[in-house]
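Indexing begins at 1, ligand by ligand and atom by atom, following the structure's order.
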Amino acid sequence: MTDTSDDSFETLLEYIEDELGFATSYYNDSYLDRRVSSRMRRTTADSYADYLAELRSSPQEQDDLLDSMSINVTGFFRNPDVWDGIRDIMRTAAENHERVHIWSAACADGREPYSLSMLAHDDPEIDASGVHILGTDISEKALETARKGVYQSSQTVDIADQLEYLTDYHDYVDETANGFRVRDTIRQNVRFVRHDLINDEPKAGFDLVVCRNLFIYIDNEYKEPVLETIARSLQSDGYLVIGKAETIPPSLTCAFSVLDGRLRIYEREPLDSRRPVQG
Ligand SMILES: C[S@@+](CC[C@H](N)C(=O)[O-])C[C@H]1O[C@@H](n2cnc3c(N)ncnc32)[C@H](O)[C@@H]1O
């Protein structure tokens, strides 16, 4: 890792934001440095200034860097214990509402919203026909994959293993040469739309928002606007699930009460009962 306090790192980030259109200012420096350093190791550049020169002259390197900047690691039923908590929320929501609206915000390539749909179909206490899932992400490329619903296993990712959370995953996917295609019965509950959680308007009427593994990458000052957007998008009795390694900033804890601290499951506090921020 090179020293990021030096001006050339800032100059490089400005170039990436202004010329390549990736909003580096939203993300924390250590994340950005890991991505840049990993690209630098594949070139002859041994300083940020050298790498900037390489980037300016190579459209291929520009594409490769942008690709590596997008944080799209995901999986079906990621952190299975959290999915037990999500199942409980879905049951409660299905009991209380004829139609259940769920938003998988920052859904990457769609495996999270499809997991929600599969769970709705798999659970005998949930009427899947009333469950409507919206998957959104800032990345059009990720959404393209999501809409296709086809996933390959690789040396490091075993899709069948991820789907083992279900009673019998063969009910929900068809096998392809080295992966799976999500069946139409599962796809019909899910719709995908591009949405930028930092800049776009809130949505409305959701019973559950699942927004996992985005906060670990974004800069602290952007966590609040994202959580405000989510709070405004939830019904007054709605729930929020964030990533297992993530936290809600203290200034916003009044918008949510903790339902399960270990699983990072929160319930929205009604707007009028929110207390002013202390301190
Ligand atoms: C690590 S993935 C998380 C995927 C999934 N939620 C999970 O936990 O498995 C983070 C996703 O956040 C998306 N993202 C980054 N910035 C975003 C923003 N401002 N608004 C919406 N999505 C964003 C990325 O494109 C990426 O697909």
Backbone N/O of Pro249 and side chain of Glu224: donor-acceptor pair under 3.5 Å: no
Protein residue, atom and distance nearest to atom 3 (C) of ligand 1, heavy-atom basis: Arg212 O, 3.4 Å
Asn189 side-chain N/O to Ser117 backbone N/O, donor-acceptor pair under 3.5 Å: no
Atom 21 (C) of ligand 1: nearest protein contact (heavy atom, Å): His195 O, 3.4 Å
Close-contact set for ligand 1 against Glu112 heavy atoms, below 4.0 Å: 5 (C), 6 (N), 7 (C), 8 (O)
Set of side-chain contact (heavy atoms from CB on, under 4.5 Å) partners for Asp84, sequence neighbours left out: Tyr165
Minimum-distance protein heavy atom relative to atom 4 (C) of ligand 1: Ala106 O, 3.4 Å
Protein contact of atom 25 (O) of ligand 1 - nearest heavy atom, named by residue and atom, plus distance: Asp137 OD1, 2.6 Å
Counterpart residues, side-chain contact (heavy atoms from CB on, under 4.5 Å), relative to Ala53 (two or more places apart): none
Protein heavy-atom partner closest to atom 19 (N) of ligand 1 - residue, atom, separation in Å: Asp196 OD1, 3.0 Å
Which residue and heavy atom of the protein sit nearest atom 17 (C) of ligand 1, plus the separation: Ile138 CG2, 3.6 Å
Contact with ligand 1 for Arg111, non-hydrogen, under 4.0 angstrom: no
Gly130 backbone acceptor or donor facing Arg99 side chain under 3.5 Å: no
Joint hydrophobic cluster, Leu66 plus Tyr15, side-chain heavy atoms closer than 4.5 Å: yes
Lys/Arg-Asp/Glu bridge criterion (N-O < 4.0 Å) met for Arg39, Glu61: yes
Protein residue, atom and distance nearest to atom 11 (C) of ligand 1, heavy-atom basis: Ile71 O, 3.4 Å
Hydrophobic cluster membership, Tyr217 vs Ile138, 4.5 Å side-chain cutoff: no
Contact check: Tyr26 vs ligand 1, nitrogen or oxygen atoms, below 3.5 angstrom: no
Heavy atom of Tyr27, distance to ligand 1 below 4.0 Å: yes
Donor-acceptor contact below 3.5 Å, side chain Arg183 vs main chain His170: yes
Within reach of ligand 1, part of Ala108 (heavy-atom separation under 4.0 Å): both
Nearest protein heavy atom with distance in Å, relative to atom 20 (N) of ligand 1: Leu197 N, 2.9 Å
Atoms of ligand 1 close to Arg78 [distance to a heavy atom under 4.0 angstrom, numbered from 1]: 7 (C), 8 (O), 9 (O)
Steps toward salt bridge (Lys or Arg N to Asp or Glu O under 4.0 Å) verdict (Glu246, Arg212): CA-CA 8 Å; Glu246 299 173 323; Arg212 302 166 70 206; over 6 Å; no
Residue selection (non-hydrogen contact nearest atom 9 (O) of ligand 1) among Ile198, Val73, Thr74, Thr136: Thr74
Per-atom contacts of ligand 1 with Asn213, taking only distances under 4.0 Å to non-hydrogen atoms: 1 (C), 2 (S), 3 (C), 7 (C), 8 (O), 10 (C)
